[in-house]
Amino acid sequence: MTVDVYPTRDSVIEKEIKDKVVVVVDVLRATSTIITALYNGCKEVIPVMDIEEAMVMTKNYERDAFLLGGERNAVKIEGFDLSNSPLEYTRDKVEGNTIIFTTTNGTKAIKQAGDAKKVLIGSIINADALCGALLDLDADVAFVCAGTEGRFSLDDIIAVGAIISRLKSKGAQLSLDDLAMVCLYLYESNKSSLHDILKDTYHYKRLLEEGFTDDLKYCLTPNRAPIVPMYKDGVIKNIY
Ligand code: MLT
């Protein structure tokens, strides 16, 4: 299994991912939130590029059949039902609902990876389940990190490392590109203290400043939501 890592969505070379299983990672917080929503019984998540597209999408649904979720500058969008905090996506709020979702980086990365053979949604909270799915699929893998505002984000690199580390410990024969090697090395050298390596990074600090301490703890805890969502035909659903 070859494993390539793209540090930002803009670095993706479309023809390279076409025949691969792509895992999109935005550990802080978009993919963690999507996984949590589906784990808590939401019907589907529809990622959209921006607020205008979200509003157009709402016209396809009765008002009580969808929730609008997402963020700009890490906080809830005016008029939306939910922010991008995974802890808001509780079963009592999301069960049976469609969630129309837009975030600054994560939802764009998912849509951009849409032409790959398969697009899975990854984070630390589903690391073991995702590892199982990748082993079952036994295909070449490309991780697409959402990054933050077009720039490389260390949290995503660590999360990719967590998934590669699990593949390795399950005995997968891996051929890693250089960035995949960096991800694995950084994760394995810091796995007992992920908050320590991330605490001075841009996005982690920003979320702390906004008071999202519990989100940070949740998003960096393995296997809180052991499912594997897949993006297909514009919609994200749970496949495992
Ligand atoms: C994003 O997609 O840009 C992030 O998930 C931002 C956030 O943490 O709210």
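Whatever order the structure lists ligands and atoms in, that order sets their numbers, starting from 1.
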With atoms numbered from 1 as shown, which atoms in ligand 1 lie under 4.0 angstrom from a non-hydrogen atom of [X]?
X	value
N105	1 (C), 2 (O), 3 (O)
A74	9 (O)
T103	1 (C), 2 (O)
G106	1 (C), 2 (O)
L28	4 (C), 5 (O), 8 (O)

To check your reading of the model: name the closest protein heavy atom to [atom], its residue, and the distance in Å.
atom	result
atom 4 (C) of ligand 1	D26 OD2, 3.5 Å
atom 9 (O) of ligand 1	R29 NH2, 2.7 Å
atom 7 (C) of ligand 1	N84 ND2, 3.2 Å

Can you see whether E71 engages T104 through a side-chain donor-acceptor pair at a distance of less than 3.5 angstrom?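 There is such a pair (donor and acceptor under 3.5 Å, judged by atom type) between the side chains of E71 and T104.
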Between D155 and S153, is any side-chain donor less than 3.5 angstrom from a side-chain acceptor?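 Side-chain D/A pair, D155 to S153: present.
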Can you check side-chain hydrogen bond (donor to acceptor under 3.5 Å, both in side chains) on D140 and T2, steps first, answer last? CA-CA 5 Å; D140 292 339; T2 63; 3.2 Å; yes
Option with minimal heavy-atom separation from atom 8 (O) of ligand 1, where the choices are E71, H203, R206: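 Among E71, H203, R206, the closest heavy atom to atom 8 (O) of ligand 1 comes from H203.
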Chi angles and distances behind the salt bridge (Lys or Arg N to Asp or Glu O under 4.0 Å) call for R166, D128: CA-CA 7 Å; R166 283 162 170 79; D128 281 277; 3.0 Å; yes
Hey, is [X] close enough to [Y] for a salt bridge, meaning N to O under 4.0 Å?
X	Y	value
K205	E209	no
D81	R63	yes
E88	K76	no
D215	R29	yes

Polar contact flag for T107 and ligand 1 (N/O pairs, less than 3.5 Å):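 Looking only at distances, the answer is no, because the N/O contact criterion of under 3.5 Å is not met.
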Is any N or O atom of A30, backbone or side chain, closer than 3.5 Å to an N or O atom of ligand 1?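 Yes, A30 has an N/O under 3.5 Å of an N/O on ligand 1.
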